[in-house]
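In listed order, ligands and their atoms are each counted from 1. Computed from a predicted structure; not experimentally measured.
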Amino acid sequence: MNKTPIIIDVDTGIDDAVSIVVALQSDKLDIRGITTVAGNQTIEKTTRNTLDIVEYFGRDDIPVAKGYSKPLVRDQIIAAYAHGESGLGTAKLPTAKKQPHDLDAVSFMKKTLEESNDKITLVPTGPLTNIAILLLSYPHIKDKIEKIVLMGGGAYEGNSTSTAEFNIFADPESANIVFSSGVKIVMCGLDVTMKAIVTYNEIKNIMATGTKAGEFCGEAFKFYYDMYKKGSRIDGCAVHDAVTMAYLIKPEIITAKPANVKIDIDGKNSYACTATDFRPWRDISKDNALVCLDIDREAFVDIILDACKNYK
Ligand code: BDR
Ligand code: CA
């Protein structure tokens, strides 16, 4: 079976961590590298978490390259309220010996894309700073990108504000560059990710697998679960970032519709909104994204559970 070559761009982050675990375990994905960006926590912490995860799960062979520490234009925000001081809630991992790659994230992506015989899919699950700078600095590289499957935005909802989702709100100007780049985008936004819920009992099942992966994900989920219970009053947590991997591994469990998505970078009440045009009479030649709207929740949870259960 041909594996899909991917580069994951993360702000690790509880759900980024689970998404990485799913990707590491999948026999359908060929991870050419992981790049880090500031978002849920500072760049030092998101990079540390990523190195620790990769080494803990025995995948030292995967390069981890450190990326941008600040958004392009706006002041930096982080999400310690959702991911804790470390970025991984109460989950603890041994400090990895592994060091970040000699190249920074953008140079690493450029080199990896240039040297690859196949086109590579980029999978960003944090603010889009690295991706925007890659596309701006090296426009020729677009030809080597198969598509961008990202977690961000929402056609019908926001979380950081009533109209803006965190990854887009943390760096809207970069998101604008990416969404207007002409590269095909699959947008796994809040419309679908708020349906990608792992319930309290399912978290217990994940822990009960007794594997390293199950125990790590289960522990990380605890902090996230408490945050969701207080904030959203749901009995579970939305595993936003892992929806990107579900899309790549089992696209048939996701419902999506093409649309034209524009990033609002100057609205007073709609700053960072992903303005999504589904109108049948829009100019469909301008569609730039496939917008995911629904997911078979149980099949999604099974992807996470199986990744944990089968962890070698
Ligand atoms: C997104 O924001 C981050 O806090 C999560 O890791 C996810 O990427 C959800 O809005
Ligand atoms: Ca994230």
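Between Y271 and F169, the ring-plane angle classifies as perpendicular under the 30° and 60° cut-offs. Ring geometry for H240 against Y224 counts as perpendicular: the plane angle is over 60°, on a 0 to 90° scale with 30° as the lower cut.
Given atom 4 (O) of ligand 1, the protein heavy atom at minimum distance is N40 OD1, 2.6 Å. Ranking the protein heavy atoms by distance from atom 9 (C) of ligand 1 puts E165 OE2, 3.2 Å first. When hydrogens are left out, the protein atom nearest atom 8 (O) of ligand 1 is D241 OD1, 2.6 Å; that is the closest non-hydrogen contact. When only non-hydrogen protein atoms are considered, atom 2 (O) of ligand 1 lies nearest to F166 CD2, 3.4 Å.
Of all the atoms in ligand 1, the ones that sit under 4.0 Å from a non-hydrogen atom of D16 are 6 (O). For ligand 1 and H83, the ligand atoms under 4.0 Å from any heavy atom of the residue are 3 (C), 4 (O), 5 (C), 6 (O).
Of all the listed residues (T46, D15, T193), D15 holds the heavy atom that lies closest to atom 6 (O) of ligand 1.
Of all the heavy atoms of I14, none lies under 4.0 Å from any atom of ligand 1, so neither backbone nor side chain is involved. Under 4.0 Å from ligand 1, the heavy atoms of T125 that appear belong solely to its backbone.
Under the 6.0 Å distance and 45° angle rule, K212 counts as a cation-pi partner of Y56.
Not one N or O on the side chain of H83 forms a donor-acceptor pair closer than 3.5 Å with the backbone of L88. Side chain of N40 to backbone of D11: a donor-acceptor contact under 3.5 angstrom is found.
Considering backbone and side-chain atoms together, Y224 places no N or O closer than 3.5 Å to any N or O of ligand 1.
Comment: K230 does not engage D226 in a salt bridge, judged by the lack of any side-chain N to carboxylate O separation of less than 4.0 angstrom. No salt bridge links R32 with E115; every basic N to acidic carboxylate O contact stays at or beyond 4.0 Å. Using a 4.0 Å cut-off between a side-chain N of Lys or Arg and a carboxylate O of Asp or Glu, K110 and E114 qualify as a salt bridge.
Protein N/O/S atoms closer than 3.0 Å to the Ca ion (ligand 2): D11 OD1, D16 OD1, D16 OD2, T125 O, D241 OD2.
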List the steps and the verdict of salt bridge (Lys or Arg N to Asp or Glu O under 4.0 Å) for K92 and E219.
CA-CA 9 Å; K92 299 252 175 312; E219 184 61 40; over 6 Å; no

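Closest of all the heavy-atom pairs between I263 and P172 is CG2-O, 3.6 Å. Nearest approach of D143 to K119, heavy atoms of both residues: O-CE, 3.1 Å.
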